[in-house]
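Everything on this sheet refers to the single structure shown next.
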Amino acid sequence: MKKFSIILLLAAFLLQGCANYRRIALVDVEFGKVKMTALTRAQVQVNLKINNPTRTVFHISDLEGILDGAGTEFARFSLVEEIAVQPGEPSLVPATIAVEVTDPLALLAKGLNLPALMNGDFTVDAAVQVRKGAVKKWFRVKDIPLKELLENLNLQL
């Protein structure tokens with residue numbers, strides 16, 4: 001009986017820790033320098049305004065995503081290195097995102113006009129791994145319209 005109560009206590013502790021992940025929110029994104037590393041690859045400096053109302057530091061250890069356009073993969077993006085999110089008030093967290101255009105012909109077909117991407121049927125699939133100590137949790141979003149995502153973050157192409 002003593003072992004069972006210890007297991008229940010540990011399970012409750014772990015579940016409480018997982019619930020704190022859901023309180024973290026991405027409030028805003030500010031784009032900085034874009035460094036082209038190849039014809040179809042770039043690294044984008046961004047400042048993420050993240051609200052962490054918990055009392056602990058969280059780490060965003062991985063980010064992977066795909067930009068789909070009209071049923072084909074247009075571009076992939078990923079986090080270059082892990083970032084730490086400090087507790088308390090919303091804070092600006094610098095990050096570097098690697099972007100690779102997997103379908104450069106689609107970009108040329110749009111005439112290199114990035115605002116034209118808003119008129120297409122572009123969606124975003126992404127997965128973010130958040131870590132607190134040894135506990136890691138993946139959060140996934142699928143088929144989010146690019147236009148809706150940009151509007152929610154107050155961004156413009």
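Quick note: residue numbers are just sequence positions, from 1.
The shortest side-chain heavy-atom distance between Ile50 and Ile60 falls under the 4.5 Å cut-off. Contact check for Asp62 versus Val128: no side-chain heavy atoms found under the 4.5 Å cut-off. Under the 4.5 Å side-chain criterion, counting only non-hydrogen atoms from C-beta, Pro94 is not in contact with Leu92. Counting heavy atoms from C-beta on, the side chains of Pro87 and Val57 come closer than 4.5 Å. No side-chain heavy atom of Val85 sits less than 4.5 Å from a side-chain heavy atom of Val130.
With hydrogens and angles disregarded, no donor-acceptor distance shorter than 3.5 Å links the side chain of Asn52 to the backbone of Gly88. Here the side chain of Ser78 pairs no donor or acceptor atom with the backbone of Leu63 at under 3.5 angstrom.
Cluster annotation: Val46 is connected to Phe58 through the hydrophobic network of ILVMFWY side chains, with a link wherever side-chain heavy atoms come within less than 4.5 Å. Val44 and Leu79 fall within a single hydrophobic cluster, where Ile, Leu, Val, Met, Phe, Trp and Tyr side chains are chained together by heavy-atom contacts under 4.5 Å. Tracing side-chain contacts under 4.5 Å through hydrophobic residues (I, L, V, M, F, W, Y), one never reaches Ile66 starting from Ile144; they form parts of separate clusters.
Nearest heavy-atom pair across Glu73 and Asp68 is CA-OD1, 3.5 Å. Contact detail for Ala42 and Val34: the closest heavy-atom pair is CB-CG1, 4.1 Å. Here the closest non-hydrogen pair linking Leu48 and Ala95 is CD1-CB, 4.1 Å. Nearest heavy-atom pair, Gln86 versus Ser91, reported as atom, atom and distance to 0.1 Å: O-OG, 4.4 Å.
The distance from atom CD of Glu82 to atom NE2 of His59, rounded to the nearest 0.5 Å, is 5.5 Å. To the nearest 0.5 Å, atom CE of residue Met36 and atom CZ of residue Arg41 are 10.0 Å apart. A distance of 4.0 Å separates CG in Asp125 from NZ in Lys142, rounded to the nearest 0.5 Å.
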**OP:** Check the pair Ile97 / Val80 against side-chain contact (heavy atoms from CB on, under 4.5 Å), numbers first and verdict last.
**Re:** CA-CA 6 Å; Ile97 308 290; Val80 173; over 6 Å; no
**OP:** Given side-chain contact (heavy atoms from CB on, under 4.5 Å), test Val124 with Phe77 step by step and report yes or no.
**Re:** CA-CA 10 Å; Val124 176; Phe77 56 92; 4.0 Å; yes
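Environment of CZ in Arg55: sparse, with no more than 12 heavy atoms of neighbouring residues, nucleotides or ligands closer than 6.0 Å.
For the side-chain hydrogen bond (donor to acceptor under 3.5 Å, both in side chains) test with Thr96, the passing option among Glu81, Gln43, Gln45 is Gln45; the others fail.
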